[in-house]
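Read the structure below first, then the notes.
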Amino acid sequence: MTSSVVEGGQDEGKREPSDLITENMNLTAANLSLPRETFLKAAISLKDKVVEETWKLKEVVDPTVYTGLLGTAFTCLRSYQVTGSQKDLLLCTEIVDTCATFARASLRHVTFLCGRGGVYALGAVVANYMGDLQKRDLFLGLFIEVAKERALPVGPEEGGFGMSYDLLYGRAGFLWGALFVNKYIGEGAVPSDILMPIIDAVLAGGRAGASDIKDCPLMYRWHGTRYLGAANGLAGILHVLLHFPLPREDAEDVKGTLKYLMSKRFPHSGNYPSSEGNPRDKLVQWGHGATGMAITLSKAAQVFPSDRELRDAAIEAGEVVWKNGLVKKVGLADGVSGNAYAFLSLYRLTKESIYEERARSFSCFLCDNARALVVEEQALSGGNGYSLFHGLAGTACLWFDLLAPDNSRFPGYEL
């Protein structure tokens, strides 16, 4: 499995902002006239190419959503949700079934993006769409079996620091899978009496981790480092917690931690450091930096609508993404596709057309350049050029989401 989005993964792909602000403006002016049908045709064509390059080889090296074959299934599901194509739904089912045969033996993590939780959650949802209630209940049972993993609800007072808390590999990533199941199958499909002890453990672990930090209610470490971003850090964990109806004290701790994060912005750029105390102002992507923060803060502004500071910080983070310009990678994790989703989040929050226009401008750039950039990256690093988070599958999802921006959702992060 490809390693997570760790610090430093984008440095070589970043371009100079001074050149790119003008380029972004030109994109906005020149390409917004593209009809929606253009994005639909591009999305379908790219989805078909992703399927050809990943599924038709019949080699399951990686069965995860993040960088593996299950990301192709997720893309087919998104295509079905937009187009109603039964062919895509059947294809999604076949891929999930294949991944399920590998999941128990090959995946030690329990999360949606990088573990068994994703296989079973997606399997249950797709079976529900198919009307196959027997298979739905089978996958749901497997997901709940994962929920009973002994380490998930263990708090720090019982020594519960063995399992991480992050979105990619830890408890927040499992909780996101449960939210996904409950959204598409129905509240209570994964019962709250299973989820609440896990949420309590996440909150307790965060309080223990923040015990030596002033004005920070919650903090977590991943491999010894206090990451702040969405993939392995604080923003991702908070984003998941924001989806649950927390008691007042817990909700205030989540809000207080968001305010602490906001206080860590670099004063000149407005960007966010990748980890606590890191002075490098280089990464503007979903995994680290302003992109993930814009999405998380947009959610926070909806949960705490009377707190204008959260909304303003979300908008400011979006401005950082825009001014930073176009990067050389295409994926959701660290590329143009992920950055475009920051604008879609802000569009849903504010209903201001400028954010849809900015998402479309980034998407127009991808229409012209995505495949060439992937070929270049593959030649340099081998990469995962057709995966959901590091390749073209994420771009296809973005183009599908542009057809109905009010319903857009960052794959595996927004609900």
Side-chain angles (χ1 to χ4, degrees), residues 5 113 167 172 175-176 179-180 183 218 228-231 233-246 251-265 269-272 283-324 332-363 389 394 397-398 400-402 404-415:
V5 186
L113 291 178
L167 187 75
L175 290 171
W176 196 94
L179 288 165
F180 180 79
K183 174 181 178 179
L218 305 170
L228 303 182
L234 197 52
I237 298 167
L238 295 176
H239 190 262
V240 172
L241 291 174
L242 285 165
H243 287 79
F244 290 97
L246 301 176
E252 288 300 315
D253 278 353
V254 169
K255 185 197 288 190
T257 306
L258 287 164
K259 296 294 181 72
Y260 176 82
L261 264 178
M262 289 155 53
S263 75
K264 296 299 176 179
R265 285 172 285 190
S269 70
N271 191 28
Y272 289 77
L283 303 179
V284 180
Q285 53 183 240
W286 171 77
H288 302 292
T291 304
M293 284 302 305
I295 297 171
T296 293
L297 288 167
S298 291
K299 176 64 179 177
Q302 294 168 342
V303 173
F304 303 108
S306 62
D307 194 319
R308 184 74 188 192
E309 190 179 359
L310 293 169
R311 180 187 174 96
D312 291 344
I315 291 170
E316 180 184 317
E319 290 301 309
V320 173
V321 177
W322 180 247
K323 291 176 181 178
N324 183 71
L332 296 175
D334 56 3
V336 179
S337 297
N339 286 3
Y341 270 105
F343 304 132
L344 291 176
S345 293
L346 287 166
Y347 171 74
R348 296 198 315 275
L349 174 67
T350 67
K351 303 303 179 186
E352 293 181 10
S353 61
I354 187 173
Y355 297 114
E356 181 184 1
E357 292 167 4
R358 288 178 174 183
R360 283 173 63 86
S361 71
F362 273 31
S363 298
F389 269 73
C397 287
L398 170 65
F400 280 124
D401 273 339
L402 278 175
D406 285 315
N407 297 323
S408 64
R409 298 293 185 272
F410 190 113
Y413 197 58
E414 295 182 296
L415 287 156

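The figures here come from the full heavy-atom set of this structure, side chains too, leaving out hydrogens, waters and symmetry mates.
Contact record, Val321 with Ala342: CG2-CB, 4.4 Å, taken as the closest heavy-atom pair. Taking every heavy atom of both residues into account, Gln285 and Ala333 meet most closely at CB-O, 3.7 Å. Scanning all heavy atoms of the two residues, the minimum distance from Leu415 to Lys183 falls at C-NZ, 3.2 Å. Nearest heavy-atom pair across Ala314 and Leu349 is CB-CD2, 4.3 Å. The two residues Lys259 and Asp307 come nearest to each other via the heavy atoms NZ-OD2, 2.9 Å. For the residue pair Thr291 and Gly338, the shortest heavy atom distance occurs at CG2-O, 3.5 Å.
His243 places a side-chain N or O within 3.5 Å of a backbone atom of His239 that can act as its donor or acceptor partner. Proximity of a side-chain donor or acceptor of Asn271 to a complementary backbone N or O of Ala290 within less than 3.5 Å is detected. In this structure, Ser345 contributes its side chain and Tyr341 its backbone to a donor-acceptor pair below 3.5 Å.
Ring centers of Trp322 and Phe362: under 6.0 Å apart, within the cut-off.
Partners of Arg348 by salt bridge (charged side-chain N to carboxylate O under 4.0 Å, His left out), not counting sequence neighbours, listed by chain and number: Glu414. Annotation: salt bridge (charged side-chain N to carboxylate O under 4.0 Å, His left out) contacts of Arg265 (sequence neighbours excluded): Glu316.
Glu319 contributes atom CD, which lies 8.0 Å from atom CZ of Phe343 (distance to the nearest 0.5 angstrom). One distance of note links CG of Leu398 with CG of Asn339; it measures 10.5 Å at 0.5 Å rounding. Here OH of Tyr347 is found 9.0 Å from OG of Ser408. Values are rounded to the nearest 0.5 Å. Rounding to the nearest 0.5 angstrom, the gap separating the OG1 atom in Thr257 from the CG atom in Leu241 is 9.0 Å. Rounding to the nearest 0.5 Å places OH of Tyr260 at 14.5 Å from CG of Asp253. One finds the OG atom of Ser363 at 10.0 Å from the CD atom of Glu356 (value rounded to the nearest 0.5 Å).
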Trace of the side chain to side chain contact (heavy atoms under 4.5 Å, CB included) decision for Phe410 with Ile295: CA-CA 9 Å; Phe410 190 113; Ile295 297 171; 3.7 Å; yes
Can you check side chain to side chain contact (heavy atoms under 4.5 Å, CB included) on Tyr272 and Val284, steps first, answer last? CA-CA 8 Å; Tyr272 289 77; Val284 180; over 6 Å; no
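Within the 4.5 Å cutoff, the side chain of Glu252 has no heavy atoms near those of the Leu246 side chain. The closest side-chain heavy-atom distance from Pro411 to Leu332 is below 4.5 Å. Two residues are said to be in side-chain contact when any heavy atoms from C-beta on lie closer than 4.5 Å; Leu238 and Leu261 meet this criterion. Residues Arg409 and Leu344 have side chains not in contact (no heavy-atom distance under 4.5 Å, counting atoms from C-beta outward). Side chains of Asp401 and Asn407 form no contact here, defined as non-hydrogen atoms less than 4.5 Å apart. Counting heavy atoms from C-beta on, the side chains of Leu228 and Met293 never come closer than 4.5 Å. Two residues are said to be in side-chain contact when any heavy atoms from C-beta on lie closer than 4.5 Å; Glu352 and Leu346 fail this criterion. The shortest side-chain heavy-atom distance between Ser337 and Phe389 does not fall under the 4.5 Å cut-off.
Between the side chains of Thr296 and Tyr413, at least one donor N or O lies within less than 3.5 Å of an accepting N or O.
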